[in-house]
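A short write-up of the structure that comes next.
Chain naming here is simple, since letters A, B, ... match the order of the sequence lines and numbering starts at 1 in each.
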There are 2 protein chains.
Amino acid sequence: MTNISGPLIQAKNTSKKSGSLMQKANPKTDNPLFVGSVEKAFSVLQAFGQHKKSLSLKEISEITGIGKSAAQRFCYTLVELGFLERDDSSRRMRPAARLLGLSHSYLASNPISSIAAPYLLQARENSGEAVNLGIPMDQDVIYIARLASTNSHIAHPIVGGRAPMFCTSSGRAYLSTLSQDEISDLLDESDLTPITRHTIIDKQEILRKIDDVLNKGYAMANQECIVGELTIAAPILGPDHKGIGSVNICVTRPAWTMESVEEKLAPIVCQTAHNITLALSN
Amino acid sequence: MTNISGPLIQAKNTSKKSGSLMQKANPKTDNPLFVGSVEKAFSVLQAFGQHKKSLSLKEISEITGIGKSAAQRFCYTLVELGFLERDDSSRRMRPAARLLGLSHSYLASNPISSIAAPYLLQARENSGEAVNLGIPMDQDVIYIARLASTNSHIAHPIVGGRAPMFCTSSGRAYLSTLSQDEISDLLDESDLTPITRHTIIDKQEILRKIDDVLNKGYAMANQECIVGELTIAAPILGPDHKGIGSVNICVTRPAWTMESVEEKLAPIVCQTAHNITLALSN
DNA sequence: GTAAATAGTATTGTTATTCAATACTTATGT
DNA sequence: ACATAAGTATTGAATAACAATACTATTTAC
């Protein structure tokens with residue numbers, strides 16, 4: 001009876017190369033085909049990712065690193081296009097509902113969430129708990145489908161939420177399908193700042209946990225993102241046997257313990273991930 | 001036992017003033033603060049809205065009305081930024097998961113969906129059927145929270161989906177809170193093309209149905225968007241008693257009839273919409 | 001299997017559009 | 001009420017975006 005129904009961590013920049021727009025020689029962005037204005041516009045929209053609330057022009061200018069004039073012009077443009085809303089009294093901007101249309105085009109065009117849906121529903125029914133489908137995105141996992149636990153009457157989890165890979169069961173399940181080098185590189189690029197006092201930040205220990213996944217078939221995390229939250233996850237494999245995402249189930253203490261999670265939920269996540277893997281390969 | 005769990009109509013351009021980017025004197029876009037490149041970039045992303053599948057460069061160029069070179073540059077840019085994915089073998093573009101981050105910033109910043117969530121869950125529990133929360137967007141309703149019916153084991157509805165206002169219960173529930181002039185104007189700007197053979201397209205008849213909502217407190221639609229789908233909706237009011245959205249419940253024939261919907265579901269939608277209205281005003 | 005046609009990619013010179021700076025206006029807080 | 005800070009409007013300069021076009025690769029037709 002709690003409102004914790006999944007990893008709700010907001011998309012903190014979990015990459016080391018953080019900060020404002022990098023302006024180093026970049027083969028990608030130096031290409032004359034690259035339109036810099038577009039990058040700036042999106043940097044404005046993404047400024048709202050980390051700082052949930054609304055933002056003032058000045059804050060946007062500071063967060064994005066684009067100047068005051070630029071912030072002004074891009075905010076004006078985005079408001080005109082309907083992707084930002086401006087509160088005329090406070091002059092603060094906030095993301096507008098039109099943004100949902102963009103995510104809709106992803107969800108509608110990409111079969112993974114619709115193919116996975118019935119299996120996720122089944123997993124939720126079998127477990128009664130919150131079930132999530134996540135895919136890798138940089139050093140994070142991004143949740144593309146989320147089901148609240150059947151007895152959560154408080155909140156429903158939000159699609160598009162992100163959590164660091166290194167300290168989530170979802171992330172470690174996915175990582176277990178990569179080569180040692182790939183895992184190591186990703187961890188090196190991750191910001192291993194602890195989120196709770198249970199977050200494991202020692203690279204060797206993380207590697208050991210990831211290695212465990214290969215033996216057991218599932219990954220677990222004990223309150224590493226949210227105090228009181230226990231999660232278990234299994235990887236979904238692509239045609240080349242590399243991970244393309246993972247299924248996880250989240251529960252809370254003290255109703256659950258790591259032992260009961262392992263006993264009751266491991267078979268469900270593994271079966272679900274396996275079913276989705278098969279469904280996707282057809 | 002069907003997979004129809006809500007209005008899944010894709011965002012057909014329901015405005016009359018359709019077609020490519022308008023290049024008439026427009027006080028909004030003529031403002032020197034307006035950055036045209038941003039508009040073009042979003043027009044590329046939105047091209048995927050109506051045409052679910054992936055798109056080739058040429059198709060994007062044609063749909064958006066921006067030239068071939070421009071399509072090339074904006075696609076390159078969007079791919080680099082990670083908002084589009086390019087299939088190297090087919091050279092076709094499709095929306096990428098990173099777009100979910102944008103919708104997440106909306107959902108996380110706007111309290112409406114989280115405040116409404118518990119009431120929607122309750123409505124779903126009481127009805128067992130699919131429940132949606134929609135808000136107005138141009139001539140459409142956009143669904144910002146969706147719950148599948150408890151016995152839908154097939155699919156889950158996608159947030160961000162749109163459906164025309166004039167022929168949905170959600171839309172007409174919302175419209176009923178506007179002034180006659182506002183309703184009339186919106187209908188005039190709507191593309192009243194029938195979607196099914198049950199779609200009501202006569203303006204007078206639509207106005208009559210909207211007027212009915214004022215008496216009954218709820219709107220209904222009989223297979224106007226999807227054959228076999230019956231829906232009922234009630235408006236959510238803002239502080240000024242103007243609508244800010246609506247709650248609807250969708251069911252399917254032949255398990256349900258218009259009569260049974262009215263009898264069983266009207267009290268639920270009305271109560272839910274009322275509860276959400278109250279919750280938002282606090 | 002070859003040719004024709006179509007789609008995608010790279011390059012370039014021109015100029016329109018974005019740009020930062022700054023002046024001006026409105027809000028905020030002491 | 002004044003001072004400070006934030007937001008808005010304007011402008012001239014020049015960069016970055018632009019469309020056209022040449023080039024390459026891939027599909028389609030025969």
Side-chain angles (χ1 to χ4, degrees), chain A residues 20-45 47-48 51 53-81 83-94, chain B residues 20-45 47-48 51 53-81 83-94:
Chain A
S20 51
L21 301 171
M22 61 186 91
Q23 48 228 17
K24 286 303 172 59
N26 182 331
K28 305 300 179 72
T29 56
D30 281 357
N31 187 311
L33 292 176
F34 190 82
V35 181
S37 304
V38 176
E39 180 177 40
K40 297 204 192 92
F42 280 104
S43 79
V44 169
L45 290 177
F48 291 90
H51 307 74
K53 44 165 197 167
S54 64
L55 295 173
S56 72
L57 206 51
K58 188 174 189 231
E59 290 168 324
I60 291 171
S61 158
E62 284 165 352
I63 294 168
T64 60
I66 67 181
K68 184 181 163 187
S69 312
Q72 181 188 12
R73 282 180 297 108
F74 288 105
C75 286
Y76 176 87
T77 305
L78 290 168
V79 168
E80 286 309 324
L81 294 176
F83 295 106
L84 284 184
E85 269 166 12
R86 202 185 103 109
D87 177 26
D88 283 326
S89 64
S90 71
R91 289 123 190 270
R92 296 177 73 81
M93 313 289 172
R94 37 171 217 196
Chain B
S20 51
L21 301 172
M22 60 186 91
Q23 49 227 18
K24 286 304 174 57
N26 183 330
K28 304 298 179 70
T29 56
D30 281 356
N31 187 311
L33 293 176
F34 190 82
V35 180
S37 305
V38 176
E39 180 177 39
K40 298 205 191 87
F42 280 104
S43 79
V44 168
L45 289 177
F48 291 90
H51 308 76
K53 42 162 200 170
S54 63
L55 293 174
S56 72
L57 206 51
K58 194 184 185 220
E59 289 168 324
I60 290 172
S61 159
E62 283 165 355
I63 294 167
T64 58
I66 67 180
K68 184 182 162 185
S69 306
Q72 181 188 13
R73 281 180 298 108
F74 288 105
C75 285
Y76 176 86
T77 306
L78 290 168
V79 169
E80 286 310 321
L81 294 176
F83 294 106
L84 284 185
E85 270 166 12
R86 199 185 107 109
D87 176 26
D88 283 325
S89 63
S90 71
R91 288 123 190 270
R92 296 176 74 81
M93 314 287 173
R94 39 172 214 196

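Looking at residues two or more places apart in sequence or on another chain, you find a salt bridge (charged side-chain N to carboxylate O under 4.0 Å, His left out) between A:D88 and A:R86. Listed by chain and residue number, nothing satisfies the salt bridge (charged side-chain N to carboxylate O under 4.0 Å, His left out) test with B:K68 (two or more places apart in sequence, or in another chain). The ring pair (Phe, Tyr, Trp, His ring centres under 6.0 Å) test applied to B:F42 returns A:F42, A:F83, not counting sequence neighbours.
A straight line from NZ of B:K68 to C1' of D:dC18 spans 15 Å, rounded to a whole angstrom. Distance B:R92 CZ to D:dT27 P: 12 Å, rounded to the nearest Å. For the pair A:Y76 OH and D:dT10 P, the computed distance is 11 Å after rounding to whole Å. Straight-line distance from the NZ atom of B:K58 to the P atom of D:dT27: 15 Å, rounded to whole Å. Rounding to whole angstrom units, CD of residue A:E80 and P of D:dT8 are separated by 13 Å.
A rotation axis mapping the C1' atoms of four pairs onto the next four is fitted at both ends of the helix from C:dG1-D:dC30 to C:dT30-D:dA1 over five pairs, and the angle between these axes is 60° to 10 degrees.
The shortest heavy-atom contact between B:V44 and B:L78 is CG1-CD1, 3.8 Å. Across every non-hydrogen atom of A:L84 and A:F48, the tightest pair is CD2-CE1, 3.6 Å. Residues A:V35 and B:S37 share a closest heavy-atom pair of CG1-CB, 3.9 Å.
Side chains of B:K40 and B:T64 form no contact here, defined as non-hydrogen atoms less than 4.5 Å apart. With contacts defined as side-chain heavy-atom distances shorter than 4.5 Å, the pair A:E39/B:E80 does not qualify.
The OG atom of B:S56 sits 8.0 Å away from the CD1 atom of B:I63 when rounded to the nearest 0.5 Å. Taking CD of B:Q72 as the reference point, atom CD1 of B:I66 lies at 10.5 Å (rounded to 0.5 Å).
For the pair A:A70 and A:S89, nearest-nucleotide mapping onto DNA chain C gives the more 5' position to A:A70.
Here chain B contacts DNA chain C (any atom closer than 4.0 Å to a heavy atom, that is under 4.0 Å), and the contacts span C:dA7 to C:dT18 from 5' to 3'.
At a threshold of 4.0 angstrom between heavy atoms, the contacts of B:R86 are confined to the sugar-phosphate backbone, with no base atom among them.
At least one donor-acceptor pair closer than 3.5 Å links the side chain of A:T77 to the backbone N or O of A:R73.
The base of D:dA20 is paired with the side chain of B:S69 by a donor and an acceptor separated by under 3.5 Å.
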Can you check nucleotides 12-17 of chain D for protein contacts, nitrogen or oxygen pairs under 3.5 Å, and list what you find?
unit_1: D:dA17; atom_1: OP1; unit_2: A:G36; atom_2: N; d: 2.8
unit_1: D:dA17; atom_1: OP1; unit_2: A:S37; atom_2: N; d: 3.2
unit_1: D:dA17; atom_1: OP2; unit_2: A:F34; atom_2: O; d: 3.4

